[in-house]
Amino acid sequence: MTHAYLSGLNPEQREAVTLPRQSALILAGAGSGKTRVLTLRIAYLIQTGQVSPHGILAVTFTNKAAREMLTRLSAALPINTRGMWVGTFHGLCNRLLRAHHREAGLPALFQILDSQDQLAAVKRVMKALNIDEEKYPPRQVQHFISGNKEQGLRASDIEAYDPHTRRMAEIFAAYDEQCQKEGVADFAELLLRCYELLSRDEGLRRHYQQRFRYILVDEFQDTNRLQYLWLKLLAGDEGAVFAVGDDDQSIYAFRGARVGNMADFERDFQVEKIVRLERNYRSQGNILEAANALIRHNAERLGKNLWTDEGEGEPIRLFEAPTDRAEADFIVEEVEALQRDGMALSDMALLYRSNAQSRVLEHALFSAGLPYRVYGGLRFFERQEIKHALAYLRVMANPNDDGAFLRVVNFPTRGIGARSLEQLQEVAAEGGVSLWQAARHTPLGGKAGAGLRGFVQMIDLLRDTCSHLSLAEQVEQVLAASGLVEHYQKDKQEAERVENLNELVNAAAVFDGEYEPEETADGSPPLPILAAFLAHASLEAGEHQAEGGQDALQLMTVHSAKGLEFRAVFITGLEEGLFPHENAMMDDGGLEEERRLMYVAITRARQRLYLSFAQSRMLHGQMRYGLASRFLREIPSGLIKQVGGGYDYGEAMEWTGPAPAASNGTGFAVGQGVMHAKFGIGVIVNCEGRGADARVQVNFRDSGVKWLALEYAKLTPL
DNA sequence: ACTACGAGACTTTTT
DNA sequence: GTCTCGTAGT
């Protein structure tokens, strides 16, 4: 049998796509056609009649990736994708939990907490338990809770040997209890709840194991422990898992990703053969060679080498700037030159390690009048005004949702102060009921009482009028009745918020048109569109920035550049302490993860790659003097061409900073390069005292930042 | 209930 | 430098 769509594949890709039914690990290097292999694998399985769409489960990490897979799939084959489960881990778990909410112990209309909501919920629990936020920072507690859930652990599973951890576990337990009472689930809960449900319910487990005979996983290197356990459970003994990933692109260990899952997978799933996709269709030779050389400095690797037959292409350009501003100015010049040569701005990307670095770049771009687009920041459904509107909808859908209740009961203000709310919370706690129930049954006096009654009435009325309206109309009703729009209209500065609220109505209208209720197996009523919309809002926070359209330069962190490609890429701020980031060096494996991050950055470029760093930079309102990143030295110098200034790259570490100002009478000054017998070379970043008392702070290339007394430390000026 | 001021942080991020 | 958060003052 011939399959036209297989003809364009290289031998390894073809091997992966046509593997027999067995679990397989596909090591897919950057730009090796990973998504193509994944979608064609599905197409192949279906077209050869090995499985119907009904038997396929494909998991991704982002909604974008899931959408892309579906789009490409329908383009490759005229197959019906209905019946196939394609989505994110969280989306799929949500779907499963909705279908079996009773067995899972959740209300039909359970709400999903995003990280913001979760943090608020944690604070609430801590307040109820009277816990000092100084001793237990809510963010840390939140991290503790999510982190443990992502390991598959409940509060009762935690072995606490110290009082601090024990207390955290207590908060964890109370938090889960609160969520259960309120009928809400955080992100990690979706997965854990689903995992527990399938573990406990053999019938259900068998059912899904038999259904999903083929499971495909994208970005496998980013899975956490719980996701791995979930996959293993769902696959059972019979399931075939097709895992695609790249250990060299694992950059999310800090949020629980476990590269070790790849090795475990090989063992646990009896993987017979690892298919390596090493042929790269994106970048030219020099760029790939740089990436290969860099990543070879990592010890923990499965091993892989990218290649191309495209030719070596242009040299990599390196620019050393005296300051961060000069770095930005240089980039502006180069961007303009590329633009003159006919490259679209949207084909160029400026990458940086941390968001704070975008400021200087933006400033320079703005002055030059170059249109740009910054990725990151608040997304649509995370905006305050949208969260407020959604909270009204949430109270309507699930009156037990205390979090949503508290968010809007006095917003816009209805004269219900903190004191009345505390009272209400007491009443609710005593009666073991939700705030909503307490508000409805306990008459409070005065202004607050009236406000509260008004709120309850409004919600009741809204629920009533909305029962027969379309989703978009429901949202309109809420916006009008709540007074949200009015509130924001009062302030001219808040005009954008009003626009966003109108945009929410549009989003609801779109959802109206697309929503197809899930057929329920047991004849129970389908999920109302409102609940589905709220779940959608939590699970898919929307675009980072709405405006597209205009041709604009792309600015983003290296993390958010993963999966993208550009004709020209600028990797900026290549300084020790910034990239690799100093905080990353603390935890073990940190440097290797930073290096993988650099690897990801390099492999985004198709034709032209710029690397730049600044000798000095404003950081935290202070001037910082940095050394060139070690990553620069890990790229063979033969691939690199110095641009914009005569400076010998081979001597990268030995540049002499600003002329030493002898102000402290020692001959050493901030910015000065120095050599120490034990610590090696570094740069002075701070000085204090004079003469015999003088101390200097030195940022050493290999040993970090240290304070040294000049009288004792033998420092040689460079 | 709203504003103003000071303290402290400040790496990366999707769901 | 700049943003967020919490508290104190009007």
Side-chain angles (χ1 to χ4, degrees), chain A residues 59-66 87-94 112-119 123 133-134 137-139 143 146 149-150 185-192 194 218-219 222-224 226-227 250-257 324 351-360 363 375-379 381-382 384 410-421 447-448 451 490-491 535-542 544 556-563 573 577-587 590 593-594 596-598 600-601 617-624:
Chain A
V59 207
T60 61
F61 272 86
T62 65
N63 294 296
K64 197 174 148 207
T88 63
F89 279 100
H90 295 86
L92 295 170
C93 286
N94 175 51
I112 300 167
L113 303 186
D114 68 12
S115 323
Q116 268 181 59
D117 302 330
Q118 188 189 22
L119 183 62
K123 284 184 182 164
E133 294 200 354
E134 301 270 84
R139 282 198 178 278
H143 187 252
S146 293
K149 284 188 184 182
E150 280 163 5
D186 60 54
F187 286 138
E189 183 71 26
L190 292 176
L191 275 152
L192 184 53
C194 189
D218 191 16
E219 305 278 19
D222 288 338
T223 49
N224 62 37
L226 179 56
Q227 286 159 339
S250 158
I251 55 173
Y252 286 113
F254 73 92
R255 68 174 199 215
D324 48 353
L351 307 184
Y352 34 81
R353 173 70 240 266
S354 65
N355 285 305
Q357 290 168 252
S358 76
R359 294 188 53 77
V360 195
H363 182 83
Y375 287 77
L378 269 198
R379 323 231 314 279
F381 286 108
E382 290 167 355
Q384 181 203 159
N410 196 36
F411 191 93
T413 49
R414 281 175 257 275
I416 307 164
R419 216 159 17 90
S420 330
L421 283 179
K447 202 172 154 196
K490 269 193 251 163
D491 195 336
H536 164 83
S538 299
L539 289 175
E540 184 162 0
H544 262 305
M556 64 193 85
T557 63
V558 180
H559 279 95
S560 27
K562 182 156 166 241
L578 238 202
F579 198 2
H581 200 281
E582 54 195 348
N583 295 358
M585 315 290 242
M586 314 280 240
D587 30 57
E593 177 143 321
E594 293 292 299
R596 290 193 292 268
L597 201 48
M598 181 66 182
V600 167
R617 144 178 337 264
M618 274 306 245
L619 211 63
H620 310 318
Q622 263 192 327
M623 193 59 85
R624 289 266 307 241

Hey, does the side chain of [X] reach the backbone of [Y] with a donor-acceptor pair shorter than 3.5 angstrom?
X      : Y      : value
A/T413 : A/G415 : no
A/R353 : A/F579 : no
A/N63  : A/G87  : no

[X] side chain N/O closer than 4.0 Å to the phosphate oxygens (OP1, OP2) of [N]?
X      : N      : value
A/S538 : B/dT15 : no
A/N355 : B/dT11 : no
A/N94  : B/dT15 : no
A/T413 : B/dC2  : yes

Does the structure show A/H581 stacking with B/dT11, if we require the centres to be closer than 5.5 Å and the planes to be within less than 30 degrees of parallel?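 A/H581 ring centre within cut-off of B/dT11 base, planes near parallel; stacks.
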
Identify whether a stacking contact exists between A/F254 and B/dT12, where the ring centres must be under 5.5 Å apart and the planes under 30° apart.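 Per 5.5 Å and 30° rule: yes, stacked.
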
Salt bridge A/R624-A/E582, side-chain N to carboxylate O under 4.0 Å: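 Looking at A/E582 together with A/R624, the answer is yes, because their closest N to O distance falls below 4.0 Å.
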
Are the charged groups of A/K562 and A/D222 less than 4.0 angstrom apart, N to O?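 Here A/K562 pairs with A/D222 in a salt bridge, since their nearest N and O are under 4.0 Å apart.
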
Protein-nucleotide distance ([X], atom [atom1]; [N], atom [atom2]), rounded to Å:
X      : N      : atom1 : atom2 : value
A/K123 : C/dT4  : NZ    : C1'   : 10 Å
A/Y375 : B/dT12 : OH    : P     : 18 Å
A/R255 : B/dT15 : CZ    : P     : 8 Å
A/D218 : B/dT14 : CG    : P     : 15 Å
A/I251 : B/dT12 : CD1   : P     : 13 Å
A/Q622 : B/dA9  : CD    : P     : 15 Å
A/E133 : B/dA7  : CD    : P     : 20 Å
A/Y252 : B/dT11 : OH    : P     : 17 Å

[X] side chain: which of [options] is closest?
X      : options                : result
A/H620 : B/dT15, C/dG1, B/dT12  : C/dG1
A/R379 : C/dG6, B/dT15, B/dT12  : B/dT15
A/R359 : C/dG1, C/dG6, B/dT13   : C/dG1
A/H559 : B/dT13, B/dC10, B/dT15 : B/dT13
A/N63  : B/dC10, C/dT2, B/dT15  : B/dT15

C/dG6 versus B/dT11 - spacing of their C1' atoms, nearest Å: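 To the nearest whole Å, 25 Å.
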
Return the CG to CZ distance between A/L578 and A/R617, rounded to the nearest 0.5 Å.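 It is 5.5 Å, given to the nearest 0.5 Å.
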
Quick check: any donor-acceptor pair below 3.5 Å linking the side-chain of A/T557 to the base of B/dT11?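 Looking at the base of B/dT11, it does not pair with any donor or acceptor on the side chain of A/T557 (distance under 3.5 Å).
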
Check every strand shown and say whether [X] touches a base, only sugar-phosphate, or nothing at a heavy-atom separation below 4.0 Å.
X      : value
A/D222 : nothing
A/E594 : base
A/L113 : nothing

More 5' along DNA chain B: A/E593 or A/L539, using each one's nearest nucleotide?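 With A/E593 and A/L539 compared, the 5'-side residue is A/E593.
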
Residue closer to the 5' end of DNA chain B, A/N583 versus A/A418 (nearest nucleotide):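 Closer to the 5' end of DNA chain B: A/A418.
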
